[in-house]
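Just below is one structure, and these are the notes that go with it.
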2 protein chains.
Amino acid sequence: MAKKDGKKESGKDGKKKRKQRTAPLRELLRVPEGERVDLGSYDASATPAGPADKAAGVAATAALGPRLADLQERLYAASTAGDRRRVLLVLQGMDTSGKGGTVKHVIGLFNPSGCRIRAFKAPTPEELDHPFLWRITKALPHPGEIGIFDRSHYEDVLIARVRELVPRSQLGRRYGQINHFEKSLADDGVTVVKVFLHISYEEQRDRLLERLDNPEKHWKFNVGDIEERGMWPAYQEAYEIALERCSADEAPWYLVPADRKWYRNWAISTLLLEHLEALDPAYPPGDFDVAESRRRLLAT
Amino acid sequence: MAKKDGKKESGKDGKKKRKQRTAPLRELLRVPEGERVDLGSYDASATPAGPADKAAGVAATAALGPRLADLQERLYAASTAGDRRRVLLVLQGMDTSGKGGTVKHVIGLFNPSGCRIRAFKAPTPEELDHPFLWRITKALPHPGEIGIFDRSHYEDVLIARVRELVPRSQLGRRYGQINHFEKSLADDGVTVVKVFLHISYEEQRDRLLERLDNPEKHWKFNVGDIEERGMWPAYQEAYEIALERCSADEAPWYLVPADRKWYRNWAISTLLLEHLEALDPAYPPGDFDVAESRRRLLAT
């Protein structure tokens, strides 16, 4: 993942570098396993390996749509013949970081019938009566589907850490439980794509102000958002710890600079495309006699 | 609903009539309550009140997208302030009539996060252990959502009738149970939009042949489809009875000619638009002090 230091350098001949990109985006944005993460060192307005500007980014994202939908159909078709593979996109980020916008603009490129979307809110009393992964397990994508989590089990080591909702010892165990859980998902054919939408403190203020200034966006605003914003450093630290401890090979984190919505949409679409292409799902062969079916059908 | 007889007439100056259309499409396509339905009298390739041709139809449908998404967002926003209203689109029709295509092309115009899609297959053993409406109730849209049923409780008076899966007396009671159920949905704020995708016998053969001729579509083909096709008249009769007995004011059936995919997509998009416009959902006012929130936010 390109850090702030490297930004000026890539800016010099950024266009050339973009065209020469050989490493897939998922290598570029991936949080390295076991390394210390310092979110302050990542520029939230950067556009690593991305299109030159907004217009190009919007066009490039739209252009990915048909390929994404095609791969999704193949994945679904394969599941009808017993292939258990599926994709789970996990979206995490501060308020206004664009989780909902990603669902609208990126997941909107797919066939909605093959998407299983779940937004996790504060746990209900019933959910609190169960282990924290209980509600997560119930919302997993079925074979052949693209699952999308708008927030996830990571809330249980994020807000739970910042707000001290559970004893520290219990919190500490959750990282290992998450890694174990995600490994079991990978073993069962789930490609887990975890995206941290990285926005800056200033961008969040602008977006919250925008909500205040537009009466049609008041429903999205909650005075509690300002209080949460007051705990920004604690949240950033909680994210750093989660990104450090839970970026295993089977379920890596991707750090997506998200101040520019067009880059965010392009990057997440591209990450999904790269993962789907790696899966390379194939239409299953028919298990019937085509000529015979054709003959029978023509007789009707 | 324009019948075959009327088709030639409207063909004379169809273009003019289309522009002069004052009655909403939902009045035109609605199956009148309590009237005898003869599917044979409806031309499946007709395009009542529709755009002039495919190109115009595709463009007109795409043009509805932003308005549909806007109304959907308002409906969702209203639900956050306690509005229980929601929409349920029920799609029924013979194999290949375009239920899946409708989800892809029409529901694809909406924000996927507000859509709750459920495709009903043959009931599982667990589902068979419950009353036939049990699995339906579990899949209903929540307040603010657009629910989509690809097949539905109507299968329990369609294939159940044709295949004699239940005693005739039990089957007979189901129509009343469905009407009672749908009325209770309407009472709870659910706008039920039931669409019968009307295709011709010839069009179904062509579409099945197309699946046979394209190896990438073999996964969609089932030899059982040919056997089902053999019972076409019995299915048409079962649909006629369902349309006749279950087209109450609270949950009317719409008969959509579906031989032309572009017309089908346009018509269903338009039906949804008309219903959403009638609901006229409004963004809820904020329940907080905007100036105070603004001041606090700017201090951060």
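Quick note on labels: first sequence line is chain A, next is B, and so on, each numbered from 1.
- In plain terms, the two heavy atoms of Gly108(B) and Pro112(A) that are nearest each other are N-CG, 3.9 Å.
- Listed by sequence position, Tyr283(B), Pro284(B), Gly286(B), Phe288(B), Val290(B), Ser293(B) are the residues of residues 282-293 of chain B in contact with chain A, using a 4.5 angstrom heavy-atom cutoff.
- Looking at Ser113(B), the atoms closer than 4.5 Å to chain A (heavy atoms on both sides) sit in the backbone and in the side chain alike.
- Of the atoms belonging to Asp213(B), it is side-chain heavy atoms, and not backbone ones, that fall under 4.5 Å from chain A.
- Note on residues 58-69 of chain B: pairs passing salt bridge (charged side-chain N to carboxylate O under 4.0 Å, His left out), not counting sequence neighbours, are Arg67(B)-Asp70(B), Arg67(B)-Glu277(B).
- Interface remark: Arg74(B) contributes side-chain atoms only to the contact with chain A (heavy atom separation under 4.5 Å).
- At a heavy-atom cut-off of under 4.5 Å, chain A is reached by Val103(B), Lys104(B), Ile107(B) from residues 83-107 of chain B, listed in order of number.
- In this structure, Asn111(B) CG and Ile117(A) CD1 are separated by 7.5 Å, a value rounded to the nearest 0.5 Å.
- Proximity to chain A among residues 191-205 of chain B is limited to Tyr201(B), Arg205(B), judged by heavy-atom separations below 4.5 angstrom.
- With a 4.5 angstrom heavy-atom cutoff, Ala77(B) touches chain A via backbone and side-chain atoms both.
- Heavy-atom pairs under 4.5 Å with chain A were tallied for Ile226(B), Thr300(B), Leu209(B), Val223(B); the largest tally goes to Thr300(B).
- To the nearest 0.5 Å, the span separating CZ on Arg294(B) from CZ on Arg211(A) amounts to 15.0 Å.
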Stepwise side chain to side chain contact (heavy atoms under 4.5 Å, CB included) test for Arg229(B) and Leu297(A): CA-CA 9 Å; Arg229(B) 175 171 166 80; Leu297(A) 197 52; 3.8 Å; yes
